Amino acid sequence: MRILLLEDEPEMAAALITALGRRDIIVDHVSTLADAELMARIGTYDVLVLDRRLPDGEGLDLIPVLRFQKNTTPVLILTALAGVDHRVEGLDGGADDYLGKPFAIEELLARLRALQRRSPTVSAERFSLGNLTVDPRSNEVAVAGGFIDLARREYLVVEALIRRANRIVTRSMLVDAVYTIDDQIESNALDAHVSRIRRKLGIAGASVEIRAVRNIGYLLRVSS
C-alpha cells in the first residue's frame with residue numbers, strides 16, 4: 001500500500017511513517033495543502049490521509065479540489081478535531097472515513113485496509129506469469145503454490161514488474177513504486193533488490209526471468 005500523508009506536526013508525521021513502514025506501507029509525507037494537491041496530482045496512491053488544521057488552510061478543502069480533478073482516491077481524515085460535529089462535517093465534506101487523535105495504530109491500519117479495498121489502484125485479482133503468482137491484496141508471492149519470503153522492497157519490485165509483464169518497466173517507474181519521496185536512494189540499490197529477487201526466484205524454481213534492458217530498466221517474462 002502507498003499513501004499520501006498530509007500532516008504538519010513533525011513528531012506525529014515521523015511516528016506514523018515509522019509505524020506504517022513497519023507494516024510495509026509506503027508513506028509520502030507533505031505538510032501543506034499546496035504540496036498535497038501537487039503530490040496527489042502527479043502520484044498514484046491507495047489512500048490519502050489528511051489532517052485538518054494546516055499552515056495554509058483546512059484539509060477538508062482539498063477534497064472537492066481532488067474530486068474536480070477526477071481523483072477518486074479514498075480520503076481518510078486524521079485529526080485532533082474529533083467531536084461528533086467535526087466528524088459529521090468531515091464525512092459530509094467528502095471524506096471516506098474520519099479518525100480522531102489520539103488513536104490506536106491497529107485501528108488506523110484496519111481503516112486503511114478497508115479504504116484500500118475501494119481504491120481504484122487496487123486490482124481485485126492476482127497476477128500470474130508462468131508459475132509465478134502475486135497477490136496485491138495480501139502482498140504474497142508464490143512459485144508453483146509455494147510462498148517466497150521477500151523483503152518489503154523486493155515485493156514491491158516484483159509487483160511492479162508483474163503488473164507490466166512482458167513490457168519494459170523503466171528504472172524511474174520502479175523507483176517510484178519502491179521508494180518514498182524522502183528516501184535516500186543509493187545508486188545501486190535497485191539493482192541489488194533485483195539481484196536478490198533473481199536468486200530467490202531461482203531457488204524456488206520460478207519459470208520466469210527478470211531481464212535487464214541496458215540503461216532503461218527491467219522486463220519480467222517467461223524464461224526462454
Side-chain angles (χ1 to χ4, degrees), residues 1-83 85-105 107-122 136 152-153 156 159-160 172-185:
M1 187 190 312
R2 189 183 196 107
I3 71 169
L4 176 64
L5 172 65
L6 171 55
E7 171 60 64
D8 67 318
E9 296 180 10
E11 292 183 1
M12 172 62 75
L16 282 169
I17 291 168
T18 299
L20 296 176
R22 289 172 179 161
R23 275 78 169 186
D24 296 336
I25 297 175
I26 296 177
V27 182
D28 284 345
H29 169 239
V30 293
S31 57
T32 68
L33 281 168
D35 286 343
E37 181 183 352
L38 173 63
M39 291 302 298
R41 191 183 327 127
I42 66 176
T44 301
Y45 298 99
D46 297 299
V47 183
L48 308 178
V49 180
L50 311 180
D51 198 356
R52 289 194 56 176
R53 293 184 294 193
L54 297 157
D56 55 343
E58 159 68 71
L60 287 179
D61 292 341
L62 181 60
I63 300 176
V65 174
L66 297 174
R67 300 310 183 227
F68 180 78
Q69 297 170 352
K70 308 301 182 186
N71 186 329
T72 59
T73 305
V75 172
L76 168 66
I77 297 296
L78 186 64
T79 177
L81 298 175
D85 291 344
H86 294 129
R87 297 198 301 273
V88 169
E89 182 182 21
L91 294 170
D92 283 345
D96 297 276
D97 200 357
Y98 198 106
L99 182 60
K101 302 173 184 176
F103 56 89
I105 190 65
E107 181 179 3
L108 173 60
L109 289 166
R111 289 172 182 262
L112 289 174
R113 289 192 295 268
L115 291 175
Q116 183 188 31
R117 291 192 288 271
R118 307 182 204 170
S119 174
T121 67
V122 176
R152 176 174 65 91
R153 286 175 174 162
L156 292 170
E159 182 184 328
S172 63
M173 291 170 67
L174 286 173
V175 167
D176 288 344
V178 174
Y179 298 99
T180 74
I181 57 176
D182 296 318
D183 284 334
Q184 299 297 316
I185 307 170

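Quick caveat: nothing in here was measured; it's all calculated off a predicted structure.
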Minimum heavy-atom separation for [X] and [Y], please, with both atom names.
X: I25; Y: L112; answer: CD1-CD1, 4.2 Å
X: L6; Y: A36; answer: CD2-CB, 3.9 Å
X: P74; Y: D96; answer: CA-OD2, 3.3 Å
X: A160; Y: A177; answer: CB-CB, 4.0 Å
X: A82; Y: R87; answer: O-NH1, 2.6 Å
X: I26; Y: V178; answer: CD1-O, 3.4 Å

Should [X] and [Y] count as side-chain neighbours, where that means a heavy-atom distance under 4.5 Å?
X: Y98; Y: L81; value: yes
X: V30; Y: L38; value: no
X: R52; Y: I77; value: yes
X: V75; Y: D97; value: no

Look only at the side chain of [X] and the backbone of [Y], and say whether a donor-acceptor pair between them is shorter than 3.5 Å.
X: H29; Y: L4; value: no
X: D46; Y: Q116; value: no
X: R67; Y: N71; value: yes
X: D8; Y: T32; value: no
X: E58; Y: L60; value: yes
X: R2; Y: Y179; value: yes

At what distance, to the nearest 0.5 angstrom, does [atom1] of [X] lie from [atom2] of [Y]?
X: D24; Y: L156; atom1: CG; atom2: CG; value: 7.5 Å
X: I105; Y: R22; atom1: CD1; atom2: CZ; value: 10.0 Å
X: L48; Y: M39; atom1: CG; atom2: CE; value: 11.0 Å
X: E9; Y: L16; atom1: CD; atom2: CG; value: 10.0 Å
X: L115; Y: T73; atom1: CG; atom2: OG1; value: 11.0 Å

Steps toward side-chain contact (heavy atoms from CB on, under 4.5 Å) verdict (R23, L20): CA-CA 5 Å; R23 275 78 169 186; L20 296 176; 5.7 Å; no

Trace of the side-chain contact (heavy atoms from CB on, under 4.5 Å) decision for L62 with E37: CA-CA 7 Å; L62 181 60; E37 181 183 352; 3.8 Å; yes

Side-chain ion pair, K101 and E7, N-O less than 4.0 Å: yes

Heavy-atom neighbours of E11 CD exceed 12 at 6.0 Å: no

D28: which of T180, D35, L5 passes side-chain contact (heavy atoms from CB on, under 4.5 Å): T180

Stepwise side-chain contact (heavy atoms from CB on, under 4.5 Å) test for L50 and L78: CA-CA 6 Å; L50 311 180; L78 186 64; over 6 Å; no

